[in-house]
Amino acid sequence: MVKKRLIAPVIAALLCGCGTGDKTTESHTVTDNSPWPKLEPALAKDPEIEKRIAAQLAKMTLEEKVGQLIQAEIKYATPEDVKNYHLGSILNGGGTYPNNDKFAKPEDWLALAEAYHRASMDTSDGGVAIPVLWGSDAVHGHNNVIGATLFPHNIGLGATRDPQLIRRIGEATAREVAVTGIDWTFAPTVAVVRDDRWGRTFESYSEDPKIVREYARAMVEGIQGEKSSAEFLGGEKLISATKHFIGDGGTDRGMDRGDTPASEEELAEIHAAGYIAALEAGVQTVMASFNSWKGVRLHGHKYLLTDVLKGRLGFDGFVVGDWNGHRFVEGCTLESCPQAINAGLDMFMVPSDWKALYENTLAQAKSGEIPTSRIDDAVTRILRVKMRAGLFERNKPLAGATGILGSPEHRAIAREAVRKSLVLLKNNGQLLPLNPKQKILVAGDGADNIAKQSGGWTISWQGTGNSQADFPGATSIYAGIKTAVESAGGEAVLSVDGEFSVDTFTDAERPDVAVVVFGEDPYAEWHGDITSLEYQFGTKTDLALLKKLKAQGIPVVSIFISGRPLWVNKELNASDAFVAAWLPGSEGAGVADVILTDADGKIRHDFTGKLSFSWPLLVDQTPLNLGDDDYDPLFAYGYGLTYSDKVEIASDLTEQGESYAEGRLEDAWMMVWRPRAPWNLVLLDEGSAPIEVEGNVAESSDGNIRVSAIDMRNQEDARLVQWAGLRPGGVALRAGKPQDMSRYLESGGTLSLKLRLDEEPRGEVRASVGCGDDCTGGLSLRESLRQLQTQEWTEMSIDLQCFAKQGVDFSRIESSLLLESDEALSLALADIKYVPGGADSATLRCDG
Ligand code: BGC
Ligand code: BGC
């Protein structure tokens, strides 16, 4: 290790104000020329109901009222709690089941729903009886319940351009949920996604507000019933929570829970499209979003929640928060947030820490910090929705009718949706449709993988941890192909790795064609965020599989499973035909319906799907949206071939561009909130293999180094690294393959990070950058750290030249940062990035 002397180390001891990153000041008013349309309430107020509400309210104690504002999770609140605290609502989060049993039967769900309901109606303590509302994320079918029909995720539905189908999916979902006695679904998501790096892009119908508007109306009408019909909010229907209000799809760089810099016009014209339609359709609840708008968190945004949504847009239902979302509001904590209620939130979603929040809210209501009028308004809204939905009568004709869950009728709708969602991107030489009498090799890890084809929000929150056995009644893409091929007299063989031998097929030495099913593994919110649109950023194993088959002269059909358009030029070049299949859900047979003819060679179903998102030509082409000034995608919005199109797509699409194009060098995020692809956080301890930090905590074998997720300004957005000092060791941000970061060096860039030192360092602390074996360089941070205030967050930046002068080759970086200590140390880290041209007087520099 070469020791380097620091010349005049100047530390930018900028207090980052990390306690709260957000502002609360807003200076907006709704004026006549505001961009928001002026809407009348969708439903005329029913005088009977309004009278009942007033009577109920008059009987309620403040405790009972505050209880209505709380939504707790079934894992943390028992029926007894619901009774004692008069909780307004409960939810099951993604991956929470009755009795903690993933395999809970529909009967178990119903029994629990009944138990909560009975508890809420129990007046033995002299209190009021107000039915508790149970909400669940039925976002692509009743996806938390084993055996339910799983519809394609919203991005696939966007490609169908069929609002009637969306309505039928809403109806079917409502019926399946009603079987389990649940009243309310946290759907639809009406985000209009601008930057496809967002991990929730798959929950969005389209980048085009027009589609989102049409679909939002159809889905809300499917879920709740048509507002003027007799079935509206009736026994076979649910309440819809349209989410996440507002601007969730417009965050900077597609960062989940980030800040949306859109203008007010863009908010109203792009991001509000779905709400306007949902409100017109009579949606009863709206979920506030995690994101902020120009720095102000939506959960505390009085202008948007009260003036715009409840005022200008005429909303008379209630606003529910998102999962602990109130805690990010300026001045709030998880357990106390009068600001949110005062801003117009009506119900907190506070899964586990509800008791403390209840107590504090009650105290604030008593002291007047939350005005009585506001409490009464929130309770009135909640009661209004409960009465409109007939909760007091508990009209549940489908409860317990378990045959409806995953019924053939519903699966048929899902299969139709799969067929219509497929978008044919390439079909050179008219390879598709395939004759089912052929010998077909079915390859790829997505071929016989229902978990993968179903994506996030499937049984578990992220859609991970599921196996084929968790999907009774469902069909994989391979199973669908096999059935169709065998009934036509052909042969389909599954070979995940694409290997075959002369014995694989009967009467043939090799396949006539290969169908390769591959793509993204399941993810959901925040875990799914990426920094680059490049598919398989690290190792391109699927590309290798395609090439291997092509090299043997076998025509290749790619079926691409993904939650968003990705940069797949290389995979496209290596495929003869390429289908974007999105996340089709439980009815994989819908793929075979389209790609295979019948035994006589007749097309069974042509492709009708059209892109509802623009597909990038260049790896750095994001945001990329219809209407952009320099709109130049590979496949434009609306694109989608049919069998009558004789279009040849050149197989020499640019394969360049793993580094960002000229003039578009953004900060390279290595760890912002969480490690960012391709960088992983690894723990390096002498004598043991590197340990990748995957969950919230990781530790080397004898506890010498420990890394845990902590909060800086947001939930788990920083990492605390603790060295016990038994041996030297450290943590690094490492990529699976060398990354060309030279443009950051050339721009005069810096390595920037936020850190918090818990006590003065005793030994040597070094920061280095690594470019493979025998290629590393760094500097001592010891003196600089000594000058820091302990226990305070500080921003530090280091001139990249410091590392280059030590021989680091920035064209092949493997560790963008390595932090080592040889003594005990406790250091928290956050916001680690390379900033182009970022060096200034506050930057740590070093001599040559
Ligand atoms: C998500 C919501 C969801 C809620 C309840 C949140 O983290 O953002 O979309 O409805 O959790 O599971
Ligand atoms: C829950 C999800 C929720 C998420 C938010 C998870 O533990 O299961 O429903 O959206 O937390 O952080």
Side-chain angles (χ1 to χ4, degrees), residues 70-77 89-97 133-145 153-155 173 177 182-191 193 198-205 216 219 223 238-251 254-258 260 274-275 278 283-292 297-299 318-328 334 340 345 347-354 455-464 522-529 563 673-674 714-717:
I70 302 282
Q71 179 185 61
E73 224 226 1
I74 61 169
K75 229 183 342 194
Y76 305 100
S89 177
I90 47 163
L91 87 150
N92 63 294
T96 301
Y97 328 95
L133 193 56
W134 182 337
S136 188
D137 293 284
V139 300
H140 64 136
H142 198 4
N143 43 253
N144 288 291
V145 180
H153 270 296
N154 289 351
I155 193 165
T173 304
V177 174
I182 292 171
D183 319 284
W184 185 19
T185 173
F186 304 134
T189 295
V190 297
V193 177
W198 188 34
R200 304 191 80 160
T201 300
F202 71 88
E203 297 185 59
S204 167
Y205 297 122
M219 187 52 98
I223 292 169
L238 305 175
I239 298 161
S240 152
T242 298
K243 70 189 187 185
H244 311 81
F245 189 81
I246 185 175
D248 52 351
T251 60
M255 163 118 161
D256 194 42
R257 307 179 174 193
T260 298
Y275 297 98
V283 74
Q284 290 298 295
T285 72
V286 168
M287 187 183 290
S289 191
F290 277 119
N291 64 275
S292 49
R297 289 282 169 186
L298 258 298
H299 278 66
F318 73 85
V319 178
V320 63
D322 201 347
W323 189 278
N324 289 331
H326 57 276
R327 69 186 288 201
F328 302 138
L334 181 55
L345 191 88
M347 183 185 279
F348 289 111
M349 183 187 288
V350 53
S352 54
D353 299 76
W354 60 270
W457 296 107
T458 298
I459 309 175
S460 65
W461 174 38
Q462 296 286 325
T464 48
Y523 54 78
E525 44 177 330
W526 118 45
H527 292 246
D529 288 4
W673 209 323
R674 46 230 172 222
N714 284 314
Q715 187 185 346
E716 300 183 350
D717 62 347

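All ligand and atom numbering here is 1-based and tracks the order in the structure.
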### Task
Measure Phe290 to ligand 1 on non-hydrogen atoms and call it side chain, backbone, both or neither using the 4.0 Å cut-off.
side chain
### Query
Are any of the side-chain heavy atoms of Tyr205 and Pro188 separated by less than 4.5 Å?
yes
### Query
How about Leu91 and Glu73: do any of their side-chain heavy atoms sit closer than 4.5 Å?
yes
### Query
Could Lys243 and Asp137 be called an ion pair, given the rule that one side-chain N must be under 4.0 Å from one carboxylate O?
yes
### Query
Do the charged groups of Arg674 and Asp529 touch, with an N to O distance under 4.0 Å?
yes
Using a strict cut-off of 4.0 Å, indicate which atoms of ligand 1 neighbour a heavy atom of [X].
{"X": "His244", "value": "2 (C), 8 (O), 9 (O)"}
{"X": "Phe186", "value": "10 (O)"}
{"X": "Asp137", "value": "3 (C), 5 (C), 10 (O), 12 (O)"}
{"X": "Trp323", "value": "6 (C), 7 (O), 11 (O)"}
{"X": "Asp322", "value": "1 (C), 2 (C), 3 (C), 4 (C), 6 (C), 7 (O), 8 (O), 11 (O)"}
{"X": "Arg200", "value": "1 (C), 2 (C), 8 (O), 9 (O)"}

### Message
Between Trp323 and Trp461, is the ring centroid distance below 6.0 Å?
### Response
no
### Query
Do the two ring centres, one from Trp184 and one from Phe318, sit under 6.0 Å apart?
yes
Before signing off on this row, confirm whether [X] and ligand 1 have an N or O atom pair separated by under 3.5 Å.
{"X": "Lys243", "result": "yes"}
{"X": "Asn92", "result": "no"}
{"X": "Trp457", "result": "no"}

### Message
If we ignore hydrogens and angles and just use 3.5 Å, is the side chain of Thr185 paired with the main-chain N or O of Ser240 as donor and acceptor?
### Response
no
### ligand 1 contact by Glu203, heavy-atom criterion under 4.0 angstrom
no
### Task
From the options Glu203, Glu525, Gln462, select the one residue that forms a side-chain hydrogen bond (donor to acceptor under 3.5 Å, both in side chains) with Trp457.
Glu203
